[in-house]
Amino acid sequence: MATKMKIGVLSAGGDCPGINSAIHWLVYSALDKDLVPRRGLMFEVIGILDGWRGLIELRSEKKESLRRWTMKLDTNLVRTWDRYGGTRLGTTRINPFDPKNDKSQNIVENYKKLGLEALVVIGGFDNLGVAYKLHREGLKVVGIPKTIDKDLSETDYTLGFDSAVNIITSDVDRIRITAGSHSRIFVVECMGRKAGWLALEAGEASGAPIVLIPEHDFLIERVIDLLERRRKQGHRYSIILISEGAKPRGMEEIHERRGRDGFGHYYLGGVGGFLAEEIEKNSDMEVRYVALRHLQRGGAPTAYDRRMGRKFGIAAIDMIVNEDFGRMVSLKHGEITTVPLKKALEKLNLVDVEKFYNTLNYRSLDQIL
Ligand code: F6P
């Protein structure tokens with residue numbers, strides 16, 4: 001006789017393509033009848049809605065509250081989810097361990113009241129941090145890494161990154177057309193927070209001649225020199241791909257007016273506009289600025305994100321079967337493995353400037369000098 005096991009799954013933090021694919025395959029693996037004899041387990045999968053908020057607000061004795069904050073997942077329901085971006089379970093940026101408003105005990109209580117025996121958390125650095133703290137409070141937690149920023153350590157991949165790189169690349173292609181027609185400079189700002197991976201890899205894919213990343217402070221005069229050099233070489237236009245966390249030497253990051261999120265991080269944005277104005281002030285070039293903002297997180301997942309969602313979702317269920325708790329699924333050297341959350345949270349995965357970045361010409365080190 002197989003033992004019944006009820007597990008929960010939630011997504012927390014910024015959405016991205018690939019999350020729904022992970023949920024789809026996690027449910028398909030958990031509910032695969034053929035695997036029951038081998039596992040000795042029969043799963044029931046409960047989706048928690050709107051991230052941690054679902055487990056904070058839930059009043060499990062009330063039917064309407066259960067309907068509002070949870071969703072029983074089966075293969076029929078999630079059948080087509082793998083091909084859609086975002087997260088069908090919803091998400092929020094709530095920090096349950098906020099010292100000014102600590103709601104972590106609601107989560108612990110609701111986990112127990114729901115009868116959960118494991119929880120899969122699809123999150124980035126901050127929310128896998130929450131998952132780790134809850135694990136230390138006794139919850140059986142498994143993590144799936146997702147963030148377009150690819151700034152989580154101990155994994156070579158985080159869901160959403162490839163889709164975002166593809167979007168930035170095709171947007172740069174579009175901008176090239178109008179930039180070329182008008183002989184203009186375009187400053188294109190992408191996301192990434194403190195990590196330059198999105199700018200660097202989309203820069204490689206699109207061939208943007210100047211890429212500015214948070215890990216190396218740039219000089220405005222040097223950017224202008226590089227642009228002038230390109231003009232002398234006969235280029236009608238230039239694209240500067242700048243990460244939202246990049247900053248000119250001696251200056252702080254540029255923040256939006258919205259302030260900070262629940263984890264204390266400033267919302268970044270605007271450095272591209274600042275740079276565009278500086279170039280116009282200090283040269284005779286005509287400059288335009290485009291911030292790609294949340295367009296980078298929208299749309300359908302690429303084939304790679306669907307595949308990785310599949311692999312991460314299936315691996316999360318294997319981890320539960322193997323009682324591999326307090327850990328995160330990870331891709332290392334092309335293989336799916338698991339790593340301790342504690343280790344993954346020790347530091348952010350930032351671009352190693354010496355290895356990957358040309359600090360003279362402000363672009364990927366693999367390009368011709
Ligand atoms: O962490 C993912 C990310 O897209 C960052 O690149 C960006 O700075 C941030 O989220 C934006 O957050 P929000 O969606 O809350 O505006």
Side-chain angles (χ1 to χ4, degrees), residues 10-20 22 50-53 85-87 89-96 98 121-131 143-153 155 157-169 171-172 188-203 211-215 241-247 252-274 290-299 301-302 305 308-309 328 344-345 347-351:
L10 62 82
S11 48
D15 71 338
C16 65
I19 298 177
N20 282 323
D50 296 348
W52 301 116
R53 189 165 174 213
T87 165
L89 294 179
T91 185
T92 42
R93 276 199 195 279
I94 291 176
N95 178 7
D98 184 343
V121 178
I122 308 175
F125 192 88
D126 293 328
N127 289 289
L128 290 180
V130 172
I144 293 184
K146 67 89 215 163
T147 163
I148 64 165
D149 305 340
K150 208 178 70 170
D151 59 357
L152 254 168
S153 295
T155 182
Y157 194 68
T158 58
L159 296 180
F161 179 74
D162 185 65
S163 300
V165 168
N166 273 277
I167 294 167
I168 300 167
T169 305
D171 283 344
V172 169
V188 182
E189 184 183 294
C190 68
M191 285 183 167
R193 278 223 174 116
K194 300 221 175 273
W197 296 113
L198 276 176
L200 195 73
E201 294 192 31
V211 175
L212 304 171
I213 60 173
E215 292 86 345
L241 186 54
I242 184 167
S243 177
E244 61 181 4
K247 53 186 192 315
E252 291 300 313
E253 288 161 342
I254 296 186
H255 307 150
E256 278 187 10
R257 286 209 200 97
R258 266 186 306 153
R260 299 177 194 235
D261 69 12
F263 293 88
H265 307 298
Y266 281 109
Y267 286 105
L268 297 172
V271 66
F274 170 79
V290 178
L292 301 180
R293 314 288 301 149
H294 295 80
L295 287 172
Q296 287 156 95
R297 294 220 308 253
T302 56
D305 267 319
M308 294 314 296
M328 165 185 104
L345 298 166
K347 57 174 172 34
L348 283 174
N349 169 29
L350 302 179
V351 172

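When a residue number appears, it is its place in the shown sequence, counting from 1. Whatever order the structure lists ligands and atoms in, that order sets their numbers, starting from 1. Atoms considered below: every heavy atom in the structure, side chains included; atoms not considered: hydrogens, waters and symmetry mates.
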- request: Using a 4.0 Å heavy-atom threshold (strictly under), name the region of I148 that reaches ligand 1: side chain, backbone, both or neither.
  value: side chain
- prompt: Distance from D305 atom CG to L159 atom CG, nearest 0.5 Å?
  reply: 6.0 Å
Region of Q296 that comes within reach of ligand 1 [heavy atoms, distance under 4.0 Å]: neither
statement: In R260, E253, E256, R193, the residue satisfying side chain to side chain donor-acceptor pair (under 3.5 Å) with Y266 is R260
message: Using a 4.0 Å cutoff against the non-hydrogen atoms of G192, which atoms of ligand 1 qualify?
response: 6 (O)
query: Which residue from R93, E244, E256, H294 reaches closest to atom 9 (C) of ligand 1 through any of its heavy atoms?
result: R93
query: Between T147 and F125, is any pair of side-chain heavy atoms under 4.5 Å apart?
result: no
query: Quick one: are N95 and D126 in side-chain contact, heavy atoms under 4.5 Å?
result: no
- request: Around atom 1 (O) of ligand 1, find the nearest protein heavy atom and jot down its residue, atom name and distance.
  value: D149 OD2, 2.8 Å
query: Which residue supplies the protein heavy atom nearest to atom 3 (C) of ligand 1, what is that atom called, and how far is it?
result: R297 NH1, 3.4 Å
query: Can you list the steps and then say if T302 with D162 is a side chain to side chain donor-acceptor pair (under 3.5 Å)?
result: CA-CA 7 Å; T302 56; D162 185 65; 2.7 Å; yes
message: Using the rule given for side-chain contact (heavy atoms from CB on, under 4.5 Å), can you reason through L241 versus V188, listing the C-alpha separation, both sets of side-chain angles and the distance that settles it, and then say yes or no?
response: CA-CA 5 Å; L241 186 54; V188 182; 3.9 Å; yes
query: Could a heavy atom of L268 be found less than 4.0 Å from some atom of ligand 1?
result: no
